[in-house]
Amino acid sequence: MSSAADSHEAIRSDKLRAIAALGVDPWGHRVDGLMPIGDVLKLPTDVAEDQRPQVKVAGRIVLRRDSGKVHWIDLWDWTTPLREGDRGKIQVMLGQKQVGEVGWKLAQYLDLGDQVAVEGTFGKTRMGEPTIFAEKVTFLGKSLLPHPDKYSGMQDTEFRLRHRYLDLIYNPETLDRAKKRIQIIRTIRRYLDEQGFLEVETPVLHAIAGGAAARPFATHHNALDIPLFQRIALELPLKRLLVGGMERVYEIGRVFRNEGISPRHNPEFTMMELYQAYGDYRSMMDLTEGLIVDCVKALGGSMVLPYGEHTVDFTPPFQRAKYADLFREYVGVSMEDSDACARVAAQTGYPTAGKHPDVIVQHLFEENVEDKLIGPVFVYDYPATLCPLTKRQWGNEKIAERFELYIRGMELANAYTELNDPVTQEMTFRSQLAGLSADESMAKMDEDFIRALRHGMPPAGGLGIGIDRLIMLLTNTQTIRDVILFPLLRPEKA
RNA sequence: GAAUGCGUAGCUCAGCCGGUAGAGCAACGGACUUUUAAUCCGUAGGUCCUGGGUUCGAUUCCCAGCGCAUUCACCA
């Protein structure tokens with residue numbers, strides 16, 4: 001006997017043919033009048049046998065017990081998380097006398113992973129288990145490959161990511177997170193819509209990948225014979241819309257950065273950016289707080305959510321702290337004292353020669369402050385040179401009107417009073433370009449954007465939120481790959 | 001990109017200080033009309049990630065490669 005002839009797949013294929021030989025389509029067809037299994041499980045079971053309600057459900061066979069003239073299968077559909085206590089699925093009894101001749105033959109060919117619909121009465125067994133006593137079985141689809149272990153499920157990270165469809169079935173957290181993600185994004189849309197923002201769609205393919213300092217993915221348009229880049233930010237097109245009089249706009253969309261992969265970085269991720277005419281970074285703080293509080297509420301109620309070994313308290317108002325104050329507190333010197341900063345940086349081995357003082361300040365901030373920011377805390381008033389798209393404070397050119405929202409050391413939101421002065425904007429673009437190495441400086445100067453600003457952009461506040469990281473935080477997920485259904489993996493070898 | 005760890009049956013995992021491998025579940029055959037990770041009897045299932053090296057002999061030791069994970073680097 002060769003192993004191939006004996007394989008799970010071969011055996012299941014044989015069963016599939018046997019099912020077809022019964023005159024039953026092994027790939028199923030439309031079924032009407034189905035009830036969600038979650039709803040059936042809520043029906044009362046303590047009724048007399050002749051009073052049992054008639055039900056009809058469809059789902060996947062996740063467990064099977066065969067005891068002679070009666071088979072028991074556990075059916076699962078997406079309305080009930082698998083493995084949650086013993087109510088994660090519904091038990092179905094297939095009795096030889098009850099399901100008819102074809103139904104009984106069919107029962108002999110059922111495997112874990114197959115999909116069936118059953119009709120029957122709903123009650124409980126002698127042992128008190130809620131059960132559908134099947135009168136009719138309809139075959140809906142064969143699983144030609146065996147499913148994961150019914151008890152241990154799937155543990156291997158790579159296996160889970162490469163078989164997300166199985167992960168969704170056997171690890172309830174996966175489906176739960178996917179649902180929560182949808183709910184959070186829906187909440188953001190509702191919140192912004194209520195505030196009068198318009199959701200817009202801007203191009204993914206850019207001739208110039210601007211709006212952030214990141215390496216883009218490059219592609220090529222054949223008919224025009226031009227290089228194109230996938231967007232790395234939403235900012236520049238949205239601000240053009242501000243110039244065009246669209247006073248409150250936002251976009252929730254995928255951006256792409258050709259950089260490393262880590263528990264917090266996926267090459268494509270989802271960003272929300274919004275721009276509000278006549279606002280500033282302080283109006284963005286209020287809006288951000290309201291938005292996140294709404295998302296937390298949408299998930300169920302508690303304002304204190306677990307994250308890893310810690311908790312995060314989202315009860316408003318969030319703390320607000322000046323960058324310079326935090327800097328002095330944790331670094332021990334004033335960020336305006338360039339010599340002192342350089343000295344502290346040099347002590348830790350950081351090369352300071354030729355670096356702009358603000359770059360050194362930023363380094364020290366990242367090293368000494370960021371991971372202390374348990375938050376939620378709005379850090380505001382940044383050193384200006386770090387923020388090329390941000391308006392400077394009126395009367396203090398060294399300070400940029402910007403904040404970042406930190407929670408558990410993660411940057412969750414980033415907002416500015418937008419720079420609407422085309423002359424300053426062009427200057428900061430150019431000075432930034434001058435500091436970039438050759439491969440980083442690819443076509444970042446967006447002349448058309450400057451031209452748009454010359455036509456007059458209203459003063460405005462702008463906000464960006466990394467949606468994936470927000471969802472990580474709100475769903476207690478430690479890796480971005482688990483809030484994205486299909487994170488990038490190296491392709492399997494053939 | 002670097003360091004470390006991991007890769008064994010469909011799944012979850014043992015094991016081998018070098019003598020070509022085991023368990024539970026799944027599968028196959030049989031018994032059982034109220035089971036609950038059903039139980040009982042029996043059977044089969046493996047390129048021990050890939051390629052080299054050392055050795056009489058490598059799944060085990062060594063080297064290289066591939067994949068994944070963690071940490072770091074990169075990353076507004």
Side-chain angles (χ1 to χ4, degrees), chain A residues 1-12 14-15 61-74 83 85-99 104 107 111-113 123-131 133 143-163 166 170 211-215 232-233 235 255 257-267 269 271 359 362 365-366 370 379 382-383 385-390 400 402-404 411 413-416 432 440 464 466 478-479 481 487 489-493:
Chain A
M1 251 194 263
S2 78
S3 69
D6 240 5
S7 72
H8 291 85
E9 187 168 4
I11 290 164
R12 283 166 180 252
D14 287 346
K15 290 180 182 173
I61 299 175
V62 292
L63 219 53
R64 206 165 66 85
R65 297 172 291 283
D66 144 15
S67 70
K69 304 288 194 297
V70 60
H71 288 196
W72 305 89
I73 57 176
D74 286 358
R83 272 173 229 294
D86 55 358
R87 289 287 173 278
K89 61 255 176 195
I90 199 163
Q91 172 169 276
V92 178
M93 191 192 88
L94 305 170
Q96 183 175 25
K97 280 186 191 157
Q98 290 85 355
V99 295
W104 185 244
D111 282 309
L112 294 179
K124 62 181 174 188
T125 61
R126 280 178 211 159
M127 299 303 289
E129 179 73 13
T131 299
F133 299 90
S143 174
L144 291 175
L145 294 175
H147 281 226
D149 185 274
K150 66 185 180 189
Y151 189 62
S152 313
M154 310 170 67
Q155 302 299 326
D156 184 76
T157 308
E158 183 183 0
F159 191 86
R160 280 181 45 229
L161 294 177
R162 291 199 191 277
H163 303 79
L166 294 176
Y170 295 99
R215 283 204 208 178
I232 56 174
E235 179 149 358
V255 298
R257 295 188 181 180
N258 203 342
E259 284 164 0
I261 295 177
S262 83
R264 289 183 183 186
H265 299 83
N266 194 60
F269 60 101
M271 188 95 129
V359 173
Q362 186 191 23
F365 188 87
E366 284 170 1
E370 273 188 7
V379 178
Y382 276 66
T385 35
L386 306 177
C387 316
L389 294 159
T390 312
R402 168 188 187 183
F403 76 75
E404 290 192 300
E411 302 167 31
N414 185 16
Y416 315 141
Q432 207 194 19
E440 284 171 321
Q478 312 304 316
T479 159
R481 301 180 128 188
L489 296 181
R490 196 178 292 275
E492 285 176 280
K493 279 194 291 184

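Please read these numbers as outputs of a predicted model, since none were measured by experiment. So you know, we letter chains A, B, ... as the sequences are listed, proteins then strands, and number each from 1.
- Close to B:A26, at under 4.0 Å from its OP1 or OP2, lies a side-chain N or O of A:Lys150.
- B:G30 and B:G10 have their P atoms separated by 24 Å, with the value rounded to a whole Å.
- In this structure, A:Leu489 and A:Ser262 both approach RNA chain B, and ranking their closest nucleotides by distance from the 5' end singles out A:Leu489.
- The side chain of A:Phe159 lies closest to B:C11, out of B:U35, B:C68, B:C11.
- Using atom C1' as the reference point in both B:G18 and B:C48, the two lie 15 Å apart (nearest Å).
- The phosphate of B:A38 has OP1 or OP2 within less than 4.0 Å of a side-chain N or O from A:Arg65.
- Under the Watson-Crick or G-U wobble criterion, with both distances below 3.5 Å, B:A64 is paired with B:U50.
- Side-chain atoms of A:Asp149 lie closest to B:G24 of the nucleotides B:U33, B:G24, B:C68.
- One can place CG of A:Asp111 at 16 Å from P of B:G10, the figure rounded to the nearest angstrom.
- Rounded to a whole angstrom, the distance from the C1' atom of B:C13 to that of B:A21 is 14 Å.
- The A:Phe133 side chain lies nearest to B:U34 when the options are B:U34, B:C11, B:A38.
- Listed pair A:Arg64 / B:A27 meets the phosphate criterion, a side-chain N or O lying under 4.0 Å from OP1 or OP2.
- Annotation: B:A58 and B:U50 have their C1' atoms spaced 15 Å apart (nearest Å).
- At the heavy-atom level, A:Lys124 lies nowhere under 4.0 Å from the strands shown.
- If you check every strand for non-hydrogen atoms under 4.0 Å, A:Leu145 touches nothing.
- Of the P atoms belonging to B:C75 and B:G7, the separation is 34 Å, rounded to the nearest Å.
- With B:U36, B:A27, B:U34 as the candidates, the nucleotide lying closest to the side chain of A:His8 is B:A27.
- With RNA chain B read from its 5' end, the first of the two nearest nucleotides for A:Gln155 and A:Arg126 is the one closest to A:Gln155.
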